[in-house]
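A, B, ... follow the sequence lines: proteins, then strands. Residue 1 opens every chain.
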2 protein chains.
Amino acid sequence: MRIMEAEARRPGDINDPDCPTRRLIDRVGDKWSVLVILRLFERTHRFSELRTAIGGVTPKVLTHTLRALERDGLVERHVYAEVPPRVEYRLTGLGHSIVAPLAALRDWAEEHIPQVVQARERYDAAHAKGPEGE
Amino acid sequence: MRIMEAEARRPGDINDPDCPTRRLIDRVGDKWSVLVILRLFERTHRFSELRTAIGGVTPKVLTHTLRALERDGLVERHVYAEVPPRVEYRLTGLGHSIVAPLAALRDWAEEHIPQVVQARERYDAAHAKGPEGE
DNA sequence: CGGTATCCCTCCTGATACTG
DNA sequence: CAGTATCAGGAGGGATACCG
């Protein structure tokens, strides 16, 4: 498997805190980035459109998320000096390139989450009042 | 679970906080889970082996991570009542199934992180002393 | 060996209010 | 409209010490 080749090439790479790959995981791990990316993959959005589309995200956090994505070169911010103000966000080429891996992960979730939920219920049931030889 | 039915039919529900897919992202998003999974994909590991292999993780956190993965049905814990004690962790079938998506993401990172790093430097340079018109 | 128990602390996240 | 400012809360993660 190709996976193993990569791992074999750099065995400790991903485990190194300095490893950029770790940073990627951090990025994917934050609460809103993935949602924003997948939204922007559909089409360009304005700030308010993202707020509405995603829902539950405060302007402060959305701004923070967008800034981080912009800094990473995944998102472009276009400001139109008009009245009223208009700002559009869109994925860069780099941003588009990460959609497939992200979607793969989402697809995995959609397919296997039922098993995860079952496993959790089983685990919780088994550990609720003590894992004695029930 | 009813939430799952809805999710299975509506990928867009990833924006719903109740959506299990969101929880998957949370899982992948935590700091050590991915590293543990990729390690266990290579082979079965004992607790200490994981600690050493990953590096920088405290026993408390590693335990927490492993418990979470076990609860989710991604990892199996095998205790051998011997002297000295021996505990082995291995991926379940479910655990194996998530390796490919995870590896895809890691591959993306290894390929594109240089561009991300460049983008960051560019961004930081442009915003360091103010984004005046050049 | 394979964990637990405690304390601590930072960062993420959110609510609310205000501005160019 | 598109943010910024401020305050607050909680979870995740870590250092250290101890136990079966």
Peer 1: Could you list all the ring-ring contact (aromatic ring centres under 6.0 Å, His included) pairs where at least one residue sits in residues 67-99 of chain A, not counting sequence neighbours?
Peer 2: A:F41-A:H96
Peer 1: Which pairs count as side chain to side chain donor-acceptor pair (under 3.5 Å) when at least one residue sits in residues 56-67 of chain B, sequence neighbours excluded?
Peer 2: none
Peer 1: For A:Y80 and D:dG3, give me the distance from atom OH to atom C1', rounded to whole Å.
Peer 2: 18 Å
Peer 1: State, yes or no, whether a side-chain contact exists between B:R77 and B:V87 at a heavy-atom distance under 4.5 Å.
Peer 2: yes
Peer 1: Would you mind reading off the distance between A:E82 atom CD and D:dA2 atom P, rounded to a whole angstrom?
Peer 2: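 Those two atoms, CD and P, are 10 Å apart.
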Peer 1: How would you list, by chain and number, every residue that makes a ring pair (Phe, Tyr, Trp, His ring centres under 6.0 Å) with A:F47, sequence neighbours excluded?
Peer 2: none
Peer 1: What is the distance, to the nearest angstrom, from the NE2 atom on A:H45 to the P atom on D:dC1?
Peer 2: 15 Å
Peer 1: Protein within reach of the bases, or only the backbone? For nucleotides 12-20 of chain C, mark each nucleotide 5' to 3' as B, S or -, using heavy atoms under 4.0 Å.
Peer 2: -BBB----B
Peer 1: Quick check on D:dC1: is either OP1 or OP2 less than 4.0 Å from any side-chain nitrogen or oxygen of A:R46?
Peer 2: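 The answer is no; no side-chain N or O of A:R46 sits under 4.0 Å from OP1 or OP2.
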Peer 1: A:E49 CD to D:dC1 C1': how many Å, rounded?
Peer 2: 11 Å
Peer 1: Does B:S48 place a side-chain N or O at less than 4.0 Å from the phosphate oxygens OP1/OP2 of C:dC1?
Peer 2: no
Peer 1: Under the rule for ring pair (Phe, Tyr, Trp, His ring centres under 6.0 Å), what residues qualify as partners of B:H112, not counting sequence neighbours?
Peer 2: B:W108
Peer 1: Any side-chain N or O of A:R51 under 4.0 Å from OP1/OP2 of D:dG3?
Peer 2: no
Peer 1: For B:Y89, which contact category applies under a 4.0 Å heavy-atom criterion: base, sugar-phosphate, or nothing?
Peer 2: sugar-phosphate
Peer 1: Over all heavy atoms of both residues, which pair between B:E82 and B:R86 is shortest? Give the atoms and the distance, please.
Peer 2: OE2-NH2, 3.0 Å
Peer 1: What's the CG-P distance between A:L66 and D:dC1, to the nearest Å?
Peer 2: 17 Å
Peer 1: Can you check the B:R77 CZ to C:dG2 C1' distance for me, whole Å?
Peer 2: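 Interatomic distance, CZ of B:R77 to C1' of C:dG2: 8 Å.
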Peer 1: What residues, two or more places apart in sequence or in another chain, satisfy side chain to side chain donor-acceptor pair (under 3.5 Å) together with A:R71?
Peer 2: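 Checked A:R71 against side chain to side chain donor-acceptor pair (under 3.5 Å); matches are B:D124.
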Peer 1: Does OP1 or OP2 of D:dT4 have a side-chain N or O of A:R67 closer than 4.0 Å?
Peer 2: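 For D:dT4, OP1 or OP2 has a side-chain N or O of A:R67 closer than 4.0 Å.
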